[in-house]
Amino acid sequence: MNYGNSSVEFDVKDQLIGFQEEWFMQDMTFILFGATGDLAQRKLFPALYNLYLDGKLPDTISIIGLGRNYCSNEDFQSKVERALQAYSRRAVQPSGLQDFLFKFRYCAFDATVKESYHHLHEIIENREQELGIPQNRLFYLSVGPSLVDVITSNLNSSGICQTKGWKRLIVEKPFGSDLETARQLNKNLSKTFSEDEIYRIDHYLGKPMVQNLETLVLANPALKSLLDHNQISNVQITASETVGVETRADYYDKAGAIRDMVQNHLLQLVMMTAIYLPEKITSNEIRVKKMEIVDSLRPVLKENAYKHVVRGQYASGEVQGTPLVGYKEEPGVDVSSKTDTYFAARLYIDNPSWSGIPFYIRTGKRMDQKSTRIVIEFKNKMTDSDVLQGITPNLLIFEISPNESISLRVNMKDPSSNRFEPVWINFSTNSESLPEAYELLLFDAMVGNSTFFSHWKEVELSWEWIQPLLEAYQENLLPLHSYPAGSTGPEEANQLFQSNPFKWW
Ligand code: BG6
């Protein structure tokens, strides 16, 4: 059998493995493009504030928010405060609040106009001098994909990137809309930033339970035998949402579930589930392992895509008694849209550890519940009489969100009926005390730790796996099934189990 197709070139691996890991917090300037946008209010300001409460921001930090419209520094600071009141996971505390808000400055900015960059450069330098901090500059692009190129090339030509300290770039998804656009985007970014300066955010990699997967076996030797691949029958990864397209039709109708969730979040979850690390290794070695996994994904040819993939779109339905319109009736969606709001697939990792163990992945909007989880189903040499006695397969479940827990399902005999009943051994954490994904990721980017950011090679290999499916979509080789809003998705997704006696958990 051919394990992997060797497109993870050795120079990438060597570069990463030879790289010295040294992470420390230094004073810096944090420059936020898109500071008046939704992500900034809901996630980034609260994340910075919670890092502040934990004493995890640099001793001195200058934060410069950029947005199109004029706003004074004071008004911007009040806006930040309102965002904290609305979205911070911990209550805003009067003590220290003014000190925190005073770190923020605002600059009205048009990304397409050169003068804006000169003005920004001045503000950055003036604050650096005023605060006596080095020229360490962290740029965060929370902007539409069409602005990424223009911003990075102007950062370069304006001299903002010629710093005497370090520079880093955090970039939000989507990273391209197919293999070619992703490659082009990466090529353009690399004119200004080197790979180790680029932090591609996938917020699923910031979820504490996902980060835990890395050290799970190392920290829990008992799980090592439990996760013996010979005992695993299949792995299922679900990311279901109850929300619909919300106000994002403009973006979503072009992206669909495959680009919005699968190419990035779901494939990252596949990588994190499959890395299985019984020994301590460096963060760069982890990234190499992830690349090897995505490189070992068995390719799906577009002609065969219909055997491996089921896609769907929600029709009208109801959730908890509330009637909901179908996707095509949502504001801003094309009435003849063929965009997928549901995606499920069966995939195989052709490496010695996972050979022959199917991974089933699925994601959908307007499903019956919000849940992101990984379920490992164990083999059960069950006979008909076991089934009659109530014996069911053992399951190990990692619930990632909205709650976090690890559960093991075992069979216990009920003495009164003499039948077996499934019981759960459950460990759950208090999600209110857990840091949010953006807190963990911002902190990592500030100290220069890129373990939980997507390396370009991971992104490229993910697109390589996805590309034939996009072509199958385009050439109408994959039917688009309908499912009622508030359901578990299209019935056809069960066909992915073929003749196996599995079901979606
Ligand atoms: C985003 C997608 O990346 O992830 C959204 O663009 C989706 O469409 C969201 O709703 C889901 O994230 P979470 O953390 O709520 O599972």
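Quick caveat, the model's predicted, so the values are computed rather than measured. Quick note: numbers below take in every heavy atom, side chains included, and nothing from hydrogens, waters or symmetry partners. Atoms within a ligand are numbered from 1 in the order they appear, just like the ligands themselves. Residue numbers start at 1 and run along the sequence shown.
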Measuring from atom CG of N186 to atom CD1 of I198, what distance do you get when rounded to the nearest 0.5 angstrom? 5.5 Å

Not counting sequence neighbours, list each pair that qualifies as a side-chain hydrogen bond (donor to acceptor under 3.5 Å, both in side chains) and has a residue in residues 256-266.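 Those involving residues 256-266 are K173-D260, D202-H265, Y251-D260.
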
Hey, mind stepping through F104 and F45 against ring pair (Phe, Tyr, Trp, His ring centres under 6.0 Å) and telling me if it holds? CA-CA 10 Å; F104 288 77; F45 298 149; 5.7 Å; yes

Identify all N/O pairs between ligand 1 and the protein with a separation under 3.5 Å and present them as a table of atom names and distances.
| from | atom 1 | to | atom 2 | distance (Å) |
| --- | --- | --- | --- | --- |
| ligand 1 | 3 (O) | K173 | NZ | 2.8 |
| ligand 1 | 3 (O) | H265 | NE2 | 2.7 |
| ligand 1 | 6 (O) | K173 | NZ | 2.9 |
| ligand 1 | 6 (O) | R248 | NH2 | 2.8 |
| ligand 1 | 6 (O) | D260 | OD1 | 2.6 |
| ligand 1 | 6 (O) | D260 | OD2 | 3.4 |
| ligand 1 | 8 (O) | R248 | NH1 | 2.8 |
| ligand 1 | 8 (O) | D260 | OD2 | 2.6 |
| ligand 1 | 8 (O) | K365 | NZ | 2.8 |
| ligand 1 | 10 (O) | E241 | OE1 | 2.5 |
| ligand 1 | 10 (O) | E241 | OE2 | 3.2 |
| ligand 1 | 10 (O) | K365 | NZ | 3.1 |
| ligand 1 | 12 (O) | H203 | NE2 | 3.2 |
| ligand 1 | 14 (O) | H203 | NE2 | 2.8 |
| ligand 1 | 14 (O) | K207 | NZ | 2.6 |
| ligand 1 | 15 (O) | K370 | NZ | 2.8 |
| ligand 1 | 16 (O) | Y204 | OH | 2.5 |
| ligand 1 | 16 (O) | K370 | NZ | 2.8 |

Non-neighbouring partners of W354 that pass ring pair (Phe, Tyr, Trp, His ring centres under 6.0 Å), sequence neighbours left out: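 Residues passing ring pair (Phe, Tyr, Trp, His ring centres under 6.0 Å) with W354: H229, F359.
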
Aromatic contact between Y360 and F497, with the criterion being ring centroids under 6.0 Å apart: yes or no?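 Under 6.0 Å, so yes.
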
Among all residues two or more places apart in sequence or in another chain, which pass the side chain to side chain donor-acceptor pair (under 3.5 Å) test with Q184?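 Once residues adjacent in sequence are excluded, the partners of Q184 under the side chain to side chain donor-acceptor pair (under 3.5 Å) criterion are N188.
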
